[in-house]
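Data first, discussion second: the structure below is written as structure tokens.
All chains are named by letter (A, B, ...) in the order of the sequence lines, taking the proteins before the strands, and each is independently numbered beginning at 1. Model, not experiment: these values are computed from the prediction.
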Amino acid sequence: MTTSSQSEPDQSLEKTYQPQALESHWYRFWEEKGYFAPSGTGKPFSIVIPPPNVTGSLHMGHGFQESIMDALIRYNRMRGNNTLWQVGTDHAGIATQMVVERLLEAEGKTRHDLGREAFIDKVWEWKQQSGGTITRQLRRLGASPDWSRERFTMDDGFYKAVQQVFISLYEEGLIYRGKRLVNWDPKLHTAISDLEVINEEENGHLWHFHYPLSDGSGQLTIATTRPETLLGDTAVAVHPEDERYQHLIGRSIKLPLTEREIPIIGDDYVDREFGTGCVKITPAHDFNDYEMGQRHNLPLINIFDSDARLNDNVPAAYRGMDRFAARKQVVADLDNLGLLEKVEDHKLKVPRGDRSGVVIEPYLTNQWYVKTKPLAETAIAAVADGQIRFVPEQYANMYFSWMRDIQDWCISRQLWWGHRIPAWYDNQGQVYVGRNEQEVREKYNLDAQLPLKQDDDVLDTWFSSALWTFGTLGWPEETEALKTFHPTSVLVTGFDIIFFWVARMIMLTLHFRRQVPFHTVYVHGLVRDGHGQKMSKSKGNVLDPIDLIDGIDLKSLVQKRTSGLMQAHLKQKIEQQTRKEFPQGLAAYGTDALRFTYYSLASRGRDIKFDVGRIEGFRNFCNKIWNAARYVLMNCEGQDCGQDGSEDYALSLADRWIISRLQEAEQAVGEGIESYRFDLASQALHEFFWNSYCDWYLELCKPVLGADDASAAQKKGTRRTLIRVLETTLRLAHPLMPFITEEIWQRVKSLAGEEGESIMLASYPQADPNKIDTGAVADLEWVKGVVTGVRNIRGEMNISPGKALPALFRNGSEEDRQRLRDNRQFLTRLASLESITWLESAEEAPMSATSLVGDMEILVPMAGVIDKDAETARLGKEIDKLKKDLGRVEGKLNNPSFVDKAPGAVVEKEKAKMVDMRGALSKLEEQLGKINAL
RNA sequence: AGGACCAUAGCUCAGCUGGUUAGAGCGCUGUCUUGACAUGGCAGAGGUCGGCGGUUCAAGUCCGCCUGGUCCUACCA
């Protein structure tokens with residue numbers, strides 16, 4: 001491996017770009033040197049990482065997000081800011097507990113076999129074992145957080161912060177415990193918050209049942225999607241103004257199967273148009289019915305146990321039945337009684353747990369809640385008054401609409417893995433909140449003999465992650481880090497967790513710090529596959545960022561995508577699809593190419609489709625940089641590159657031009673990063689380096705460096721420019737492509753007069769308007785015009801690129817003549833010309849192919865090389881295009897209201913355009929005429 | 001039901017407060033192994049900017065309606 005420039009400074013770059021070796025080398029170097037820690041000087045800039053699940057692994061979404069954060073961090077670090085990227089991981093309650101339970105299941109055990117203590121030990125063990133995966137993968141991405149400050153949402157310090165927050169909120173009356181309906185997950189046996197419930201439309205049925213009136217005078221027909229809840233009905237409701245049923249309000253129903261008498265009530269919640277206009281009311285198993293039950297003092301009959309099986313509150317025949325079995329049974333029984341009127345197909349939204357996928361049951365339990373309304377008010381204000389800015393702005397609306405209608409947040413979870421709720425109960429169920437049992441006894445003056453039992457529940461994971469920005473910086477201690485880096489500068493996150501995380505962070509941080517958690521929220525889109533599909537295991541379209549970096553053969557890729565599938569029947573389809581899409585597997589593109597791809601796709605927060613063709617293109621870009629650097633080094637190593645402070649060098653037109661272009665590129669890249677338009681930043685960089693530096697500048701250097709007649713000063717000026725522009729571009733690109741830039745920079749820095757141990761600590765290039773030379777830009781545009789004109793003739797006429805052609809210039813101005821005198825060598829070389837001769841107006845021109853640069857004509861004599869028909873066609877094409885455009889311009893200028901009303905400058909511009917076009921057109925037409933006359 | 005976003009070249013996308021001949025990458029066609037690079041060079045083809053209407057001297061860009069798509073929130077049992 002030749003990546004160590006320290007030991008072998010003179011060794012040139014390997015012939016081909018091979019990312020693998022150099023990436024691990026430089027990462028180790030940076031980390032060992034401690035470069036990721038804040039410098040301690042400059043303006044503070046800080047970002048907290050959205051903490052990934054400690055036992056998780058890196059997916060494309062992480063890759064995208066961390067790449068963006070790392071670019072911001074490296075950019076700010078190079079700008080001289082005191083830059084902190086705070087890193088850490090989340091304990092991810094439900095997700096982690098589920099993983100460990102699945103491991104136990106493989107051994108035929110459940111968590112209950114182990115008991116709480118032993119199970120938690122097991123989870124810690126699992127964290128120990130797999131917890132390093134994601135942080136190792138972050139390193140592979142080149143992420144540069146301060147690892148020495150790494151935190152975990154269940155470390156000791158965080159535990160303190162969580163307790164403090166819970167206890168304070170409780171004491172302020174903002175946390176309370178209450179018995180009410182919650183979203184119950186019968187598989188995971190825990191309550192979950194509204195946000196964790198996914199409502200998807202599914203096909204179901206609407207059953208119409210007859211409920212007989214108690215007095216036997218008739219019946220009411222109700223419509224329901226959930227027949228089994230009949231067993232918990234405590235009323236039937238109709239609209240109070242519904243003439244069909246009005247008279248029945250106050251009377252009662254004899255509830256079938258139960259023989260219970262339940263009232264008929266009037267409530268304007270009922271929609272007269274839907275179903276039959278009569279609704280069965282089950283206050284214990286439906287959120288709306290619950291509300292209605294409260295309004296009408298209806299009893300609550302809970303008919304389920306925690307598995308959602310029917311409990312002892314139902315007739316013996318149904319006890320112990322699963323809810324879905326009970327549904328069938330109830331329908332059958334009512335049918336037998338002749339009470340089933342009909343069954344209709346019906347689409348309905350079915351609530352499912354986002355983790356378990358099972359149908360969520362509204363279920364009456366005791367839970368802890370955060371009273372969110374008071375917290376939301378200040379949180380709304382912070383965004384409304386601009387203390388927090390969303391990028392793109394439209395996400396602020398999403399935030400507002402949710403916050404204005406926010407519901408209390410259920411924060412208790414019936415899990416074992418998580419922050420245990422700091423509350424104790426005596427035998428009477430009296431609750432005492434405090435840091436530990438001893439403190440509770442002291443605080444509440446409890447008798448030492450009074451038995452206390454801690455709450456079994458843990459807190460929602462998002463409760464602890466809501467404290468992330470200040471908790472990681474040492475709160476509740478008033479640390480230096482907290483004072484320096486809070487509020488953080490920007491939060492980089494996906495729109496999917498604005499409610500889960502961002503909103504709650506804003507609420508709790510404002511409450512406890514009287515500070516916003518961050519000034520800007522940059523919301524990025526979701527990474528989808530090349531066809532716009534969400535990446536998911538079951539679709540088998542997941543791409544692993546690490547595989548894109550290291551490459552993976554087809555066999556392993558198929559293996560990876562088809563193993564551990566929940567539904568085995570998908571296996572074949574996924575395998576086929578994978579073999580078709582990636583017949584060669586994935587090549588090893590390297591981290592820099594992957595990162596650059598992410599940036600190129602990061603526009604305005606919309607979803608991105610990750611096309612593997614794209615990363616290949618940017619791997620090629622890396623290769624281009626590599627080879628350009630090889631060429632530069634080849635010409636500069638061991639040579640005087642004009643870095644000794646003496647001024648004995650001369651800058652050519654090309655030198656002055658590329659320096660001008662570099663300023664523009666610096667401007668564009670900087671603006672792109674500052675405005676979170678990484679697509680624009682990466683594009684500006686790509687365009688500058690490939691199209692300006694490589695395609696033109698390097699080619700323009702060749703005649704100078706290779707010419708015998710070029711002076712030492714000219715050669716020195718060219719070498720100086722060559723190496724300095726390369727070196728600057730590397731710094732410009734470093735936040736986006738950290739590895740390749742470091743590798744090359746180490747070889748280039750001293751030649752370019754730079755010092756320093758690492759590019760990541762070097763200064764970020766700033767555009768200098770004084771270096772923009774508009775004259776040089778115009779002159780070089782002329783050179784490009786001539787070269788491109790000849791090349792066009794050559795290309796279209798199929799003349800071999802090796803064949804040197806004579807060229808005649810005609811109708812040139814004094815400026816054209818001066819430009820030719822200055823740049824003859826460039827034109828000869830780049831256009832591969834044998835000679836360039838001015839044709840005086842009196843002279844007869846030989847039959848030629850023609851190209852125009854302004855008013856000047858370039859003639860390439862046709863004798864022997866150009867075929868008449870091809871030239872006719874080529875000119876015809878040019879003429880058609882000109883005519884079309886000219887027509888448009890003339891139309892505009894002939895329109896009096898345009899000339900009257902448009903600003904003068906616009907009109908002048910159009911007039912000048914018209915003159916140019918007319919001139920060009922007449923020259924081309926004349927030329928076409930001559931050729932046709934042959 | 002309410003709201004947001006999107007529709008530009010075969011594909012993926014830029015196009016800022018309305019004013020160059022609408023751009024890029026990939027793909028495609030032709031050609032060239034020239035001492036940095038075939039992971040490359042050079043040249044080229046390809047678009048009535050989803051539809052209709054409006055504002056304006058001027059609309060891909062602003063406004064309205066329509067069509068198609070994505071998503072969020074709420075929810076009628």
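B/C5 and B/A45 have their P atoms separated by 38 Å, given to the nearest Å.
Heavy atoms of A/His346 sit under 4.0 angstrom from primed sugar atoms or phosphate atoms, though from no base atom. A/Arg630 comes within 4.0 angstrom of sugar-phosphate atoms only, judged by non-hydrogen atoms across all strands, and of no base. Within 4.0 Å of A/Lys624, counting heavy atoms only, lies at least one base atom of the nucleic acid. Nucleic acid contact class of A/Lys884 (heavy atoms, under 4.0 Å, all strands): none. Within 4.0 Å (heavy atoms only), A/Arg272 reaches no atom of the nucleic acid at all. Among the heavy atoms of the strands lying under 4.0 Å from A/Arg791 are primed sugar atoms or P, OP1, OP2 only; no base atom is included.
Checking the phosphate oxygens (OP1, OP2) of B/C32, no side-chain nitrogen or oxygen of A/Ser800 falls inside 4.0 Å. In this model, the phosphate group of B/A74 is not approached by any side-chain N or O of A/Asn199 to a distance below 4.0 Å at OP1 or OP2. Within the structure, a side-chain polar atom (N or O) of A/Asn792 is placed less than 4.0 Å from OP1 or OP2 of B/G44. Checking the phosphate oxygens (OP1, OP2) of B/G44, no side-chain nitrogen or oxygen of A/Lys877 falls inside 4.0 Å.
Side-chain atoms of A/Asp267 and A/His239 include no donor-acceptor pair closer than 3.5 Å. The closest side-chain donor-acceptor pair between A/Ser600 and A/Asp679, if any, does not fall under 3.5 angstrom.
A/Lys913 contributes no side-chain N or O that forms a donor-acceptor pair with the base of B/U20 under 3.5 Å.
Within a heavy-atom distance below 4.0 Å of RNA chain B, the residues of residues 274-281 of chain A found are A/Phe274, A/Val279. Within a heavy-atom distance below 4.0 Å of RNA chain B, the residues of residues 682-699 of chain A found are A/Trp690, A/Cys694, A/Asp695, A/Leu698, A/Glu699.
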Restricting both atoms to N or O, compile the protein contacts to nucleotides 56-63 of chain B shorter than 3.5 Å, with distance only.
residue : atom : partner  : partner atom : Å
B/C57   : OP1  : A/Lys901 : NZ           : 2.7
B/C57   : O4'  : A/Ser897 : O            : 3.4
B/C57   : O2'  : A/Asn895 : ND2          : 3.2

Write down the protein N/O and nucleotide N/O pairs, taken from nucleotides 68-73 of chain B, whose separation is under 3.5 Å; answer none if there are no such pairs.
none

Taking distance alone, no hydrogens or angles, what donor-acceptor pairs closer than 3.5 Å link side-chain atoms of residues 880-892 of chain A to residues at least two apart or in another chain?
residue  : atom : partner  : partner atom : Å
A/Asp885 : OD1  : A/Arg888 : NH2          : 3.0
A/Glu890 : OE2  : A/Arg918 : NE           : 3.0
A/Glu890 : OE2  : A/Arg918 : NH2          : 2.9

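For A/Arg272 and A/Asp242, the salt-bridge test fails: no basic side-chain N is under 4.0 Å from an acidic carboxylate O.
In RNA chain B, runs of at least 3 stacked Watson-Crick or G-U pairs (N1-N3 plus N6-O4 or O6-N4, or N1-O2 plus O6-N3, all under 3.5 Å) give these stems: B:1-7 with B:67-73, B:10-13 with B:23-26, B:28-32 with B:40-44, B:50-54 with B:62-66.
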